Amino acid sequence: MERCGQTVGFFTGPLFICLFLAGFSILPLLAIDSEKHDFPFVSKEKQLIKFLLDRYAQYGRIGRPVINTSEIITVKFGLSLIQILKVDEKNQVLETNVWETFTWKDMLLTWNPNEHEGITKVRVPSDQVWIPDLKLYNFADPRLKEQRETLVVVEYDGAVMWMPQAILRSNCPFSTTYFPFDAQMCRLKFGSWTYDGTQLDLEFFQDAQMMSLANYLSATEWDIVDNFANKTEFFYDCCPNQPYPDLTFYIKIKRKVAFYTFILILPCALLSLLTLVIFWVPPESPAKLVLGMNVFVAFFVLLLLLAESTPKAAESVPLIGTYFCLSMIMITLSTILAVIVTNMFFRGVRINRAPAWLRKLMIDIVARIFCIRDKIVEDQQMESSQKVVCSQVRLLNDGKEEQTFRLPKPPSMQNTGLTQHQQQNSGLQHVFEQNNCNTSPDSNDNDRFTILKSSLAADLRKIREIMEFYKDKKEKAEKKEKYLREWRVICCVTDRLFFVLYLFVNISMIIVIFYGIN
């Protein structure tokens with residue numbers, strides 16, 4: 001058994017060595033066979049791309065691809081607007097979807113088409129060749145990169161075209177003065193960030209000094225009304241002797257007012273009509289207060305809607321917002337005056353007369369200007385307190401002395417004559433005078449006459465006191481009524497003044513807005 005084991009081990013070692021050597025001898029044959037099968041399927045275009053990229057890897061993609069250092073490389077740049085994605089008026093940012101077009105000459109990307117089966121154009125990755133460092137100067141984008149990765153189209157003579165897609169966010173100062181009839185002018189400024197004009201020059205692609213709108217998708221809120229571009233050179237503080245060229249594209253957009261017509265313009269017009277009605281409601285009417293407060297709240301709601309649509313820190317205030325505020329101010333003043341008059345109307349005890357300067361201004365001046373004084377102010381004779389028509393009655397006190405007092409005549413009897421009671425009193429007085437002057441009664445008659453005269457004199461004194469009391473009461477009531485009437489007249493004139501001012505403000509705002517739009 002030991003001999004058999006030794007014999008098997010003796011033959012196993014040489015066999016393993018032979019198999020190992022045979023494997024090494026087959027591997028080169030497999031590699032050669034693989035090359036014979038793979039290489040014929042590699043196209044000339046792929047070989048050319050590999051050749052160009054290897055050349056670029058040898059020289060590096062840093063630095064301008066020119067032969068002479070003093071040579072200026074010319075980059076032609078164009079912009080195609082695809083869509084206006086967002087107009088952020090609060091943050092002053094315009095977001096657009098664009099196609100950028102770059103063309104330049106690259107001496108490291110040239111070849112002879114005859115040596116490569118007549119190939120004149122290839123595509124290579126943009127991150128492996130030199131790309132001009134054109135940047136959006138007025139960017140407002142937190143992203144580090146704004147362009148998508150795309151291939152670079154290269155022609156045999158070194159002409160390079162690169163058309164990346166980009167989402168640009170640029171700052172744009174928005175003016176909301178004529179909101180929602182406003183038009184905004186925004187600009188997109190492009191230029192090299194490091195190369196000055198002696199190393200890199202900029203020109204417009206196909207000499208088109210404007211954005212291309214061939215593939216533009218119309219926006220839902222904005223219309224493009226103007227589109228142009230220009231080239232400028234600027235000397236910055238860091239490099240005062242080196243000009244930096246830039247291409248600036250301008251786009252003027254105008255807001256579509258169809259949406260805002262239903263949420264701002266139409267409600268504003270209807271509330272303006274209601275506001276005009278407020279100034280014609282009598283000041284003492286409670287409906288004036290209710291209507292005024294409702295219109296005030298409605299204008300405040302519209303003001304909140306306007307605040308949501310406009311920048312919070314804008315340099316200009318929308319004219320329609322100013323109009324809302326003026327309307328609220330005039331409604332507030334009219335409501336305050338109405339509250340004063342209503343308070344006096346229902347609580348007449350606490351009526352205070354209007355100041356003399358206010359009566360002079362409103363009743364004598366403003367009312368005359370509006371030609372309404374004769375309609376709202378009574379004549380002086382009607383306003384003055386009722387005059388007292390007096391008739392003299394002599395009361396005899398025991399036939400020794402006479403007392404003369406004046407009986408007031410009611411206002412309703414000033415022009416119609418004496419009442420029956422007064423005529424009877426006058427007849428009695430006449431009888432007493434005649435009896436006193438023409439007769440000489442005896443002692444009994446004298447006693448009866450004296451008693452009767454004293455009784456009548458006491459009754460007349462009571463009548464006089466009662467009439468004087470009612471006279472004073474009526475004078476006080478007329479005085480309060482006069483004060484109340486003066487306040488009502490002042491409020492009516494003030495409402496008419498506010499009506500004219502509000503009408504003037506409405507007409508002026510319409511003229512200013514539409515004149516600014518045109």
Side-chain angles (χ1 to χ4, degrees), residues 44-79 98-113 115-116 119-139 141 143-166 168 188-207 231-249:
K44 289 293 183 180
E45 181 182 3
K46 191 171 183 66
Q47 295 178 23
L48 176 59
I49 293 175
K50 185 176 184 304
F51 167 73
L52 296 176
L53 294 180
D54 290 342
R55 182 195 293 176
Y56 238 101
Q58 179 181 358
Y59 290 100
R61 60 190 297 266
I62 305 300
R64 296 177 302 132
V66 294
I67 298 176
N68 298 321
T69 306
S70 60
E71 185 178 350
I72 299 176
I73 186 170
T74 301
V75 177
K76 294 185 178 181
F77 179 75
L79 207 60
V98 299
W99 294 350
E100 298 176 341
T101 304
F102 300 83
T103 60
W104 69 93
K105 284 293 186 74
D106 193 331
M107 303 309 299
L108 295 177
L109 297 176
T110 58
W111 70 89
N112 187 357
E115 297 178 358
H116 298 84
I119 299 175
T120 59
K121 186 181 296 185
V122 294
R123 282 82 178 167
V124 298
S126 60
D127 58 346
Q128 297 186 30
V129 297
W130 182 84
I131 298 296
D133 63 337
L134 263 67
K135 303 296 181 182
L136 177 64
Y137 277 27
N138 58 324
F139 76 101
D141 196 347
R143 299 171 301 170
L144 298 179
K145 195 171 185 179
E146 58 194 18
Q147 297 166 337
R148 288 188 175 183
E149 294 293 340
T150 56
L151 297 176
V152 175
V153 180
V154 183
E155 297 186 4
Y156 70 95
D157 58 350
V160 180
M161 175 179 286
W162 185 40
M163 293 185 62
Q165 297 173 319
L168 301 180
L188 290 86
K189 182 178 179 180
F190 295 89
S192 175
W193 193 253
T194 56
Y195 293 107
D196 56 56
T198 61
Q199 297 174 317
L200 188 146
D201 192 19
L202 293 177
E203 293 182 2
F204 289 102
F205 178 69
Q206 296 179 348
D207 295 331
K231 177 183 177 181
T232 58
E233 290 186 352
F234 194 81
F235 294 86
Y236 294 94
D237 295 336
C238 64
C239 315
N241 299 324
Q242 298 175 354
Y244 281 83
D246 62 74
L247 302 180
T248 306
F249 294 85

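All of these numbers come straight from a predicted model, not from anything done at the bench.
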- Over all heavy atoms of both residues, which pair between L202 and G191 is shortest? Give the atoms and the distance, please. CD1-CA, 3.9 Å
- Message: Using side-chain heavy atoms (C-beta onward) and a distance below 4.5 Å, is W130 in contact with L109?
- Response: no
- Under the side chain to side chain contact (heavy atoms under 4.5 Å, CB included) criterion, do I131 and V152 qualify, and how do the steps go? CA-CA 9 Å; I131 298 296; V152 175; 4.1 Å; yes
- Q128 vs L52 side-chain heavy atoms within contact, under 4.5 Å: no
- Output the distance between atom CD (E115) and atom CZ (F51), rounded to the nearest 0.5 Å. 8.5 Å
- Query: Just by distance, do the side chain of R61 and the backbone of D127 share a donor-acceptor pair under 3.5 Å?
  - Reply: yes
- Hey, is the main chain of P65 close enough, under 3.5 Å, to the side chain of W104 for a donor-acceptor pair? no
- Counting only heavy atoms not in Y56, do more than 12 sit closer than 6.0 Å to its OH atom? yes
- With sequence neighbours excluded, give me every salt bridge (charged side-chain N to carboxylate O under 4.0 Å, His left out) pair touching residues 148-165. K145-E149
- Note on the structure: Hits for salt bridge (charged side-chain N to carboxylate O under 4.0 Å, His left out) against D54, two or more places apart or cross-chain, chain-then-number order -> K50
- Got a sec: does the CZ of F235 have more than 12 other heavy atoms crowding it under 6.0 Å? yes
- Query: CD1/I72 to CD/Q199 distance, rounded to the nearest 0.5 angstrom?
  - Reply: 9.0 Å
- Item | Partner residues of Y244 under the ring pair (Phe, Tyr, Trp, His ring centres under 6.0 Å) criterion, sequence neighbours left out | Y236
- ring-ring contact (aromatic ring centres under 6.0 Å, His included), paired with F77, selected from F190, F204, F205: F190
- Message: For the CG atom of L168 and the CD atom of E100, what is their distance to the nearest 0.5 Å?
- Response: 5.5 Å
- Output every pair passing side chain to side chain donor-acceptor pair (under 3.5 Å) with a member in residues 62-74, not counting sequence neighbours, ordered by first then second residue. none
- How many angstroms lie between NZ in K44 and NZ in K46, if you round to the nearest 0.5 Å? 14.5 Å
- Using atom types as modelled and distance alone, determine if a side-chain donor or acceptor of Y137 lies under 3.5 Å from a backbone N or O of S192. yes
- Under 3.5 Å, side chain of S126 to main-chain N/O of T150, donor-acceptor pair present? yes
- Separation between CD of E45 and NZ of K121, rounded to the nearest 0.5 Å: 11.5 Å
- Enumerate the residue pairs fulfilling salt bridge (charged side-chain N to carboxylate O under 4.0 Å, His left out) with a member in residues 190-202, sequence neighbours excluded, ordered by first and then second residue. D201-K231
- Note on the structure: Y195 meets the ring pair (Phe, Tyr, Trp, His ring centres under 6.0 Å) criterion, sequence neighbours left out, with none
- Query: Under the 3.5 angstrom rule, does the side chain of N138 hit a backbone N or O of K189 as a donor-acceptor pair?
  - Reply: yes
- Any donor-acceptor N/O pair, D106 side chain to V160 backbone, under 3.5 Å: no
- Query: Is the closest side-chain heavy-atom distance between F234 and P243 below 4.5 Å?
  - Reply: no
- Query: Which value, rounded to the nearest 0.5 Å, describes the distance between L48 atom CG and I119 atom CD1?
  - Reply: 5.5 Å
